[in-house]
Protein chains: 2
Amino acid sequence: MKIGELSRATGTNIETIRYYERIGLLPAPDRTAANYRSYGDAHRSRLSFVRHSRDLGFTIEEIRSLLDLSDDPARDCGEADRIATAHLEQVQAKIAQLTLLRDELARIVGRCRGGVAADCRVIEALGDHRHCESPH
Amino acid sequence: MKIGELSRATGTNIETIRYYERIGLLPAPDRTAANYRSYGDAHRSRLSFVRHSRDLGFTIEEIRSLLDLSDDPARDCGEADRIATAHLEQVQAKIAQLTLLRDELARIVGRCRGGVAADCRVIEALGDHRHCESPH
DNA sequence: TATGCACCCTGTAGCAACTACAGGGTCAAG
DNA sequence: CTTGACCCTGTAGTTGCTACAGGGTGCATA
């Protein structure tokens with residue numbers, strides 16, 4: 001299939017597919033006589049893997065490691081689990097941080113009583129960290 | 001005060017302070033005879049405002065709007081509230097998205113039973129979106 | 001007086017993970 | 001034979017910094 005089809009099949013931007021090839025995440029496919037990229041099923045499933053992992057928030061480097069693992073079926077699976085577990089912990093940390101931030105923002109937003117900027121509680125709260133209840 | 005003092009006073013990297021000046025977020029300060037930047041209290045509180053807003057996740061452009069507002073004390077405060085509210089909604093959306101993602105990751109991680117990559121449930125789950133329970 | 005060191009300056013390039021052109025080639029339909 | 005959809009390469013832009021390179025300044029110490 002040509003790049004446009006692969007793009008539609010995987011929901012990936014054409015430019016992104018070429019980008020992945022450039023950085024070595026996808027192997028360079030064969031070319032047609034007209035120098036068009038020609039992909040097979042292996043490419044499509046590899047790209048699906050990449051996109052799905054990206055959707056789950058893995059970085060390109062993490063995905064590279066995961067792909068290396070799956071390219072070498074004899075290797076120990078524990079490494080994949082370590083990568084995924086570390087990533088899960090990062091996501092949990094991010095959620096915790098955003099939750100603090102949300103609470104702080106909600107407090108700030110709730111203070112607006114209208115009026116002019118000079119008396120604005122929102123602007124005041126943003127300017128002075130001491131109005132905060134939690135660290136962020 | 002010189003840039004190093006301002007940096008320590010606000011917990012901001014020196015390069016970041018110069019960056020904020022370059023993009024017009026901080027006004028260019030006076031210079032000493034040796035061409036060193038010389039800051040006053042107004043600069044420090046403006047920079048604190050910027051840092052605090054960044055810590056709360058506001059973008060540079062949002063901060064620019066908030067600063068414009070606070071520079072013009074007669075303006076309606078509602079605009080600041082709108083910016084903060086919109087930002088709060090984005091944070092909430094992000095938390096919701098990350099929570100789905102965390103649940104999915106937790107499911108995937110939990111499937112590892114050791115063994116070799118060829119049988120790896122983690123890699124399998126990453127390759128195939130159909131293993132997922134929720135959209136992301 | 002020399003020299004070492006901390007500090008300051010400008011300008012440019014790098015990071016992640018794309019995205020968006022500019023400027024061209026290819027191919028099938030009408 | 002031209003229109004339009006597709007493809008190609010290469011480069012530059014995005015956000016919010018951070019990290020140099022290559023220089024100047026200012027003060028204390030030997």
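Numbers restart at 1 for each chain; the letters A, B, ... are given by sequence-line order, proteins then strands.
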Name the nucleic acid region contacted by I14(B), choosing base, sugar-phosphate or nothing; use a 4.0 angstrom heavy-atom cut-off, strictly under.
-> sugar-phosphate

Looking for any heavy atom pair under 4.0 Å, which part of the strands does I3(A) touch: base, sugar-phosphate only, or nothing?
-> sugar-phosphate

Which of L101(B), D103(B), T99(B) passes side-chain contact (heavy atoms from CB on, under 4.5 Å) with V91(A)? It is L101(B)

Looking only at non-hydrogen atoms, find the nearest pair between [X] and [Y] and report the distance.
{"X": "Y39(A)", "Y": "I17(A)", "value": "OH-CG2, 3.5 Å"}
{"X": "E104(A)", "Y": "R107(A)", "value": "OE2-NH2, 2.9 Å"}
{"X": "R64(B)", "Y": "I23(B)", "value": "NH1-O, 2.9 Å"}

Bend angle of the helix from dT1(C)-dA30(D) to dG30(C)-dC1(D), end axes from five pairs each (to 10°) | 30°

Non-neighbouring partners of T12(B) that pass side-chain hydrogen bond (donor to acceptor under 3.5 Å, both in side chains), sequence neighbours left out = T10(B)

Do we see a donor-acceptor contact under 3.5 Å between the side chains of Y20(A) and R51(A)?
-> yes

More than 12 heavy atoms from other groups under 6.0 Å of CZ on R121(B) = no

Whether each nucleotide of nucleotides 10-17 of chain C has a protein heavy atom under 4.0 Å at its base (B), only at its sugar-phosphate (S) or at neither (-) is summarised, 5' to 3', as B------B

Whichever of Y39(A) and K2(B) has the more 5' nearest nucleotide on DNA chain D, that residue is Y39(A)

Within residues 92-105 of chain A, the residues having a heavy atom closer than 4.0 Å to DNA chain C are none

Distance, rounded to the nearest Å, where I17(B) contributes CD1 and dA19(D) contributes P | 14 Å

Could you please spell out the steps behind the side-chain contact (heavy atoms from CB on, under 4.5 Å) verdict for I108(A) and L56(B)?
-> CA-CA 11 Å; I108(A) 289 172; L56(B) 288 167; 3.9 Å; yes

Produce the list of close N/O pairs, under 3.5 Å, pairing protein atoms with atoms of nucleotides 25-27 of chain C; give distances to one decimal.
residue	atom	partner	partner atom	Å
dG25(C)	N2	Y36(A)	OH	2.8
dT26(C)	O4'	Y36(A)	OH	3.2

Inter- and intrachain pairs under salt bridge (Lys or Arg N to Asp or Glu O under 4.0 Å), touching residues 80-89 of chain A, at least two apart = E79(A)-R82(A)

